[in-house]
Amino acid sequence: MLHGRGVAVRLTEVEAYLGERDPGSHAFRGRTRRNAVMFGPPGRLYVYFTYGMHVCANVVCSPEGEATAVLLRAGEVVAGHELARRRRTTSRSDADLARGPARLCVALGIRLDDDGADLGIAGEPGPSGEPGPSGAGAPGDRLRLEPGEPVAPARIRQGPRTGVSGEGGSAAYPWRFWIEGQPSVSPYRAHTPRRRPAAVRRPS
DNA sequence: AGCCGGATCCGCT
DNA sequence: GCGGATCCGGCTT
């Protein structure tokens with residue numbers, strides 16, 4: 001369960017990225033400004049910008065110095081539907097509100113400047129961030145990750161990661177996990193290389 | 001200084 | 001099912 005910003009989501013699909021040895025990981029070529037949070041302490045949000053218009057979020061899972069993270073690919077909105085619908089105006093159904101990593105971020109109001117945010121999962125009270133007078137669930141309350149209802153092991157499925165090019169997208173890295181039969185799980189798509197537009201000669 | 005491709009989404013066919 | 005949108009990070013020159 002990911003709470004905050006007035007919406008709560010039950011995670012239904014994730015992908016694991018296992019540090020610098022993983023060819024599909026942003027950390028594969030070492031630490032950079034963008035992926036620096038991955039190398040930091042666990043329980044923080046790693047948020048990145050992609051395709052010129054989308055943001056996606058990961059939870060850092062490894063001790064400081066390593067760079068393992070879990071990409072939040074999809075979830076089921078379980079509270080704050082109205083607010084989530086307002087943020088996701090193009091969504092045609094509630095199952096689509098957080099179906100896909102960029103959609104999930106929009107539904108939860110996660111932005112690029114949430115990169116590095118402490119999710120408060122280490123049992124620590126968190127950075128002086130009490131729910132506040134507005135109360136939990138109010139817009140602006142801080143993001144936090146909490147255990148949800150246990151999922152029956154028989155319902156958990158595992159397969160290749162979506163949208164990852166090259167070696168990292170192969171069946172050798174079956175580190176996508178999802179809940180069987182959950183409508184919010186995003187459809188699997190193998191990576192399709194983008195053909196870039198032919199160069200246009202512009203008159204001067 | 002430039003280029004290339006990307007852990008995607010949406011609308012149209 | 002397919003292509004366009006749209007721009008930044010990271011690597012090459």
Side-chain angles (χ1 to χ4, degrees), chain A residues 2 9 11-40 44-62 66-77 84-117 145 157-178 183-202:
Chain A
L2 188 54
V9 158
L11 298 169
T12 55
E13 180 189 0
V14 298
E15 281 174 5
Y17 289 86
L18 270 54
E20 295 182 84
R21 307 183 308 286
D22 177 355
S25 171
H26 286 176
F28 184 54
R29 296 185 197 282
R31 180 180 183 141
T32 67
R33 167 110 105 255
R34 176 174 69 155
N35 65 24
V37 169
M38 291 183 82
F39 289 83
R44 304 245 171 123
L45 208 58
Y46 164 52
V47 184
Y48 67 91
F49 181 77
T50 192
Y51 287 100
M53 60 189 86
H54 299 303
V55 299
C56 302
N58 300 248
V59 176
V60 178
C61 297
S62 47
E66 299 178 37
T68 292
V70 165
L71 171 69
L72 309 179
R73 282 204 57 89
E76 172 194 9
V77 173
R85 288 186 202 112
R86 237 178 295 147
R87 290 174 175 152
R88 290 263 309 120
T89 55
T90 57
S91 187
R92 302 293 270 157
S93 77
D94 281 2
D96 276 349
L97 287 172
R99 186 186 200 229
R103 293 167 170 182
L104 182 146
C105 285
V106 171
L108 280 162
I110 292 173
R111 301 180 309 166
L112 203 49
D113 55 20
D114 289 311
D115 189 37
L145 190 63
R157 294 290 179 276
Q158 176 175 3
R161 296 180 294 195
T162 298
V164 180
S165 64
E167 191 191 353
S170 73
Y173 298 85
W175 296 336
R176 172 181 179 241
F177 300 89
W178 68 97
S184 66
V185 170
S186 62
Y188 173 77
R189 297 198 208 296
H191 174 77
T192 50
R194 288 283 136 232
R195 195 174 59 190
R196 60 193 183 87
V200 178
R201 181 168 296 280
R202 185 172 298 282

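Convention: sequence-line order gives letters A, B, ...; per-chain numbering from 1.
When distances run from any side-chain atom of Leu71(A) to the nucleotides dC10(B), dG6(B), dA7(B), the shortest one goes to dA7(B).
The OH-P distance, from Tyr188(A) to dT8(B), rounds to 11 Å in whole Å. Rounded to whole Å, atom P of dC9(B) lies 6 Å from atom NE2 of His54(A). A straight line from CZ of Phe49(A) to P of dG5(B) spans 19 Å, rounded to a whole angstrom. In this structure, CD of Glu13(A) is placed 10 Å from P of dT8(B), rounded to the nearest angstrom. dA7(B) atom C1' lies 8 Å from atom CG of Asn58(A), rounded to whole Å. In this structure, Asp115(A) atom CG and dA7(B) atom P are separated by 16 Å, rounded to whole Å. Rounded to a whole Å, the CD atom of Glu15(A) is 14 Å from the C1' atom of dG6(B).
For dG6(B), one of the phosphate oxygens OP1 or OP2 lies less than 4.0 angstrom from a side-chain nitrogen or oxygen of His191(A). Note on Thr50(A): every side-chain N or O is 4.0 Å or more away from OP1 and OP2 of dT8(B).
Of the residues in residues 18-36 of chain A, those placing a heavy atom less than 4.0 Å from an atom of DNA chain B are Gly24(A), His26(A), in numerical order. In the region residues 93-103 of chain A, proximity to DNA chain C at under 4.0 angstrom, judged on heavy atoms, holds for none of the residues.
Stacking annotation: Tyr17(A) is stacked on the base of dA7(B) (ring centroids less than 5.5 angstrom apart, interplanar angle below 30 degrees). Under the stacking criterion of a centre-to-centre distance below 5.5 angstrom and an interplanar angle below 30°, Tyr51(A) sits stacked against the six-membered ring of dG6(B).
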Bracket string, DNA chain B, 5' to 3' - pairs by Watson-Crick or G-U geometry under 3.5 Å, | interstrand = ||||||.|||||.
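Nearest heavy-atom pair across Ala16(A) and Arg161(A) is O-NH1, 2.8 Å.
Without hydrogens or angle criteria, Glu13(A) side chain to Ser186(A) main chain gives a donor-acceptor distance under 3.5 Å.
Annotation for Arg157(A): atom CZ counts as buried by contact number, over 12 foreign heavy atoms lying within 6.0 Å.
The residue Arg92(A) sits apart from the nucleic acid: no heavy atom pair falls under 4.0 Å. Among the atoms of the strands shown, none is found under 4.0 Å from any heavy atom of Arg189(A).
Annotation: the span from Arg88(A) atom CZ to Asp94(A) atom CG amounts to 11.0 Å, rounded to 0.5 Å.
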